[in-house]
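Within every chain, numbering begins at 1; the chains are lettered A, B, ... in the order of the sequence lines, protein sequences first and strands thereafter.
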Number of protein chains: 2
Amino acid sequence: MEGLMTGTGVPKHVQVREYVRGLLRDAEPGTAAPSERELVHQFHVARMTVRQAMDALVGEGLLERIPGRGTFVAQPRRDVGRLLSYSEEMAARGLLAESQTLLARREQAGPGVARALGVTPGDAVIHWKRLRRADGLPMCLEDAYLNEVLLPGFLQSGMPTSLYDALDSRGLRPTWAEDSIAADIAGQQEAELLEVAQGSPVLRQSRRAIAEEKVVEVSRSVYRADRFTWWVQLGEDH
Amino acid sequence: MEGLMTGTGVPKHVQVREYVRGLLRDAEPGTAAPSERELVHQFHVARMTVRQAMDALVGEGLLERIPGRGTFVAQPRRDVGRLLSYSEEMAARGLLAESQTLLARREQAGPGVARALGVTPGDAVIHWKRLRRADGLPMCLEDAYLNEVLLPGFLQSGMPTSLYDALDSRGLRPTWAEDSIAADIAGQQEAELLEVAQGSPVLRQSRRAIAEEKVVEVSRSVYRADRFTWWVQLGEDH
DNA sequence: TAGTGGTCTAGACCACTAT
DNA sequence: TAGTGGTCTAGACCACTAG
């Protein structure tokens, strides 16, 4: 027998929703959820209240309603290209990510960087260049600018291993990015740092990463084409 | 004064929803929607019915509720990388897309193509190779396999200009794709067809395009790096 | 036939916003 | 103070599914 918390100000439909979510955590797709009337009796609430709770879970894609049958755990949706950090990208490939800082300092934004970051030219930005390795071998050169207004004390706090983890801890984990991807040939300095022959093919990525409606990072990365293939999922799921 | 259709079997909340949608078509973000009680009086329905209609529009991202203020047309959501056809991709760049078929025939699926398309080796597939141009100049070589079971009479019906339009007309417009993107150097034959020097950088794209939960197309494309940059939006919107 | 989700009613009280 | 959306009740009838 379950009861609802009272006096906490938490709406009943939220409590019912979270109860059902907890109930079905780790449940296989196809598992039956409690029926709406069952929850009505259990929590002594109106059916519309239960429906509001279930509606939310259906909207999330966790549950699926089948008229006349019941409500069931849905097949998990395809994961629409979640934004991965470099470490996560490499981990997904079974590679160990490492990073070597080439430059990290406070600068004044030039016109191009300012426009991309959505700040005023002259505003303080963090300029961070890294050579990124995977399983010990060079993989990528990254040249990033961060909006320093959003990240006070970032340089002083000691550079983090994962930028996205650091942003996450400030509630600024990027959930959206606009990328451009192009093929090119490595320049001389790039070739040296990436330890490839000059004229080797590379993948150039430009990124604008957005968190909480604000641009937190703009970057240009150069990946060794012989070590890196980019995977993307496009479109909308049903 | 609006009225609801009766006897059509169309739920009231659907009719209210579509009425509001029509009312706000072409409305600027920030425009106020009718209040819930206003719609209650207008259509002589219960408020829960109106809320059900509005809930759907809020879920779609068309409307936004502001407690104590009202309901308003929301800022349009960022467009999560809608799947564009080649013609659409080029049009978005202000280029005119053309296509020259190099090969188009029925084949038996080999093991690799069969696995990618989700058919049995030996099943009939459509093999279609094209040289794609933009503003008259070579842009891309595409080598595609289509699931012929889903596309009966496709080859006989005359090859369409746009594959995605042709799929669309059969209700099989891909809404989802898994792409891989890599940088490479053009091979000899590729270089000739694309009219670039051998050793020029190219972008290689592999695609699995899915419509209605079925794989309809798998393809490999080679883009001239000097003419093509790929744009992607990643992540989930709020 | 019993149970399910889908739809719908006619109210109610609340916190909040704007005037 | 009047109006808004947020929450909630205690029922109802329907079409559909399953045993």
Side-chain angles (χ1 to χ4, degrees), chain A residues 2-21 23-24 27 29-75, chain B residues 2-21 23-24 27 29-75:
Chain A
E2 303 290 327
L4 293 182
M5 298 179 294
T6 56
T8 60
V10 181
K12 294 183 182 178
H13 69 90
V14 171
Q15 298 186 46
V16 174
R17 189 221 307 146
E18 296 311 314
Y19 166 79
V20 174
R21 193 204 302 284
L23 203 64
L24 298 176
T31 305
S35 80
E36 297 177 355
R37 285 163 182 85
E38 209 171 313
L39 293 166
V40 165
H41 286 120
Q42 190 171 340
F43 291 106
H44 305 290
V45 295
R47 187 157 160 240
M48 287 305 298
T49 305
V50 169
R51 279 187 71 76
Q52 192 174 357
M54 303 298 261
D55 279 343
L57 297 172
V58 169
E60 284 179 28
L62 176 65
L63 295 181
E64 178 185 13
R65 287 203 253 243
I66 304 181
R69 295 266 314 280
T71 304
F72 304 88
V73 176
Q75 296 292 330
Chain B
E2 305 289 327
L4 292 182
M5 299 178 294
T6 56
T8 60
V10 180
K12 294 182 183 180
H13 70 90
V14 172
Q15 298 186 45
V16 174
R17 192 223 302 147
E18 294 312 314
Y19 166 79
V20 174
R21 194 203 301 284
L23 202 66
L24 298 176
T31 305
S35 80
E36 297 178 356
R37 285 163 180 87
E38 211 171 312
L39 292 165
V40 164
H41 286 120
Q42 188 172 344
F43 291 106
H44 305 293
V45 295
R47 187 159 160 236
M48 288 304 298
T49 305
V50 169
R51 279 188 69 78
Q52 193 174 356
M54 304 297 264
D55 278 343
L57 296 173
V58 169
E60 285 179 28
L62 176 65
L63 296 182
E64 180 186 12
R65 287 195 176 107
I66 305 181
R69 294 266 312 280
T71 304
F72 304 87
V73 176
Q75 295 291 329

Tell me, please, which residues at least two apart from B:V20 pass side chain to side chain contact (heavy atoms under 4.5 Å, CB included).
B:V16, B:L24, B:L39, B:M54, B:L57, B:L63

As a test of reading the structure: which of [options] is closest to the side chain of [X], going by heavy atoms?
X	options	result
A:H13	D:dA10, D:dT7, C:dC8	D:dT7
A:R51	D:dT9, D:dT7, C:dG5	C:dG5
B:E36	C:dT9, D:dG5, C:dG5	D:dG5

Hey, could you give me the [atom1]/[atom2] distance between [X] and [Y], rounded to the nearest 0.5 Å?
X	Y	atom1	atom2	answer
A:E18	A:H13	CD	NE2	10.5 Å
A:E36	A:M48	CD	CE	9.5 Å
A:H44	A:K12	NE2	NZ	10.5 Å
B:S35	B:R69	OG	CZ	14.0 Å

Find out whether B:V45 and B:V50 are in side-chain contact, i.e. whether some heavy atom of one side chain is under 4.5 Å from a heavy atom of the other.
yes

So A:F72 and A:I66, do their side chains get closer than 4.5 Å, heavy atoms only?
yes

Short side-chain N/O contact from [X] to OP1 or OP2 of [N], under 4.0 Å:
X	N	value
A:T71	C:dG5	yes
A:T49	D:dC8	no
B:K12	C:dG6	no

Starting at atom [atom1] of [X], determine the distance to atom [atom2] of [N], rounded to an integer number of angstrom.
X	N	atom1	atom2	answer
B:M48	D:dG6	CE	C1'	10 Å
B:D55	D:dG6	CG	C1'	11 Å
B:L57	D:dG5	CG	P	13 Å
A:L39	C:dT4	CG	C1'	13 Å
B:H44	C:dC8	NE2	P	16 Å
A:Q52	D:dC8	CD	C1'	9 Å
A:H41	D:dT9	NE2	C1'	14 Å
A:F72	C:dG3	CZ	P	16 Å

Under 4.0 Å protein heavy-atom contact, by nucleotide of nucleotides 13-19 of chain D - B base, S sugar-phosphate only
---BSS-

Which is it for B:V58 and B:R65 under the side chain to side chain contact (heavy atoms under 4.5 Å, CB included) test, yes or no, and what are the steps along the way?
CA-CA 8 Å; B:V58 169; B:R65 287 195 176 107; 4.1 Å; yes

Where is the tightest heavy-atom contact between B:V10 and B:Q15, given as atom of each residue plus distance?
O-NE2, 2.9 Å

Taking Watson-Crick (N1-N3 plus N6-O4 or O6-N4) and G-U wobble (N1-O2, O6-N3), each under 3.5 Å, can you produce the dot-bracket string of DNA chain C? Use [ ] for crossing pairs and | for inter-strand ones.
||||||||||||||||||.

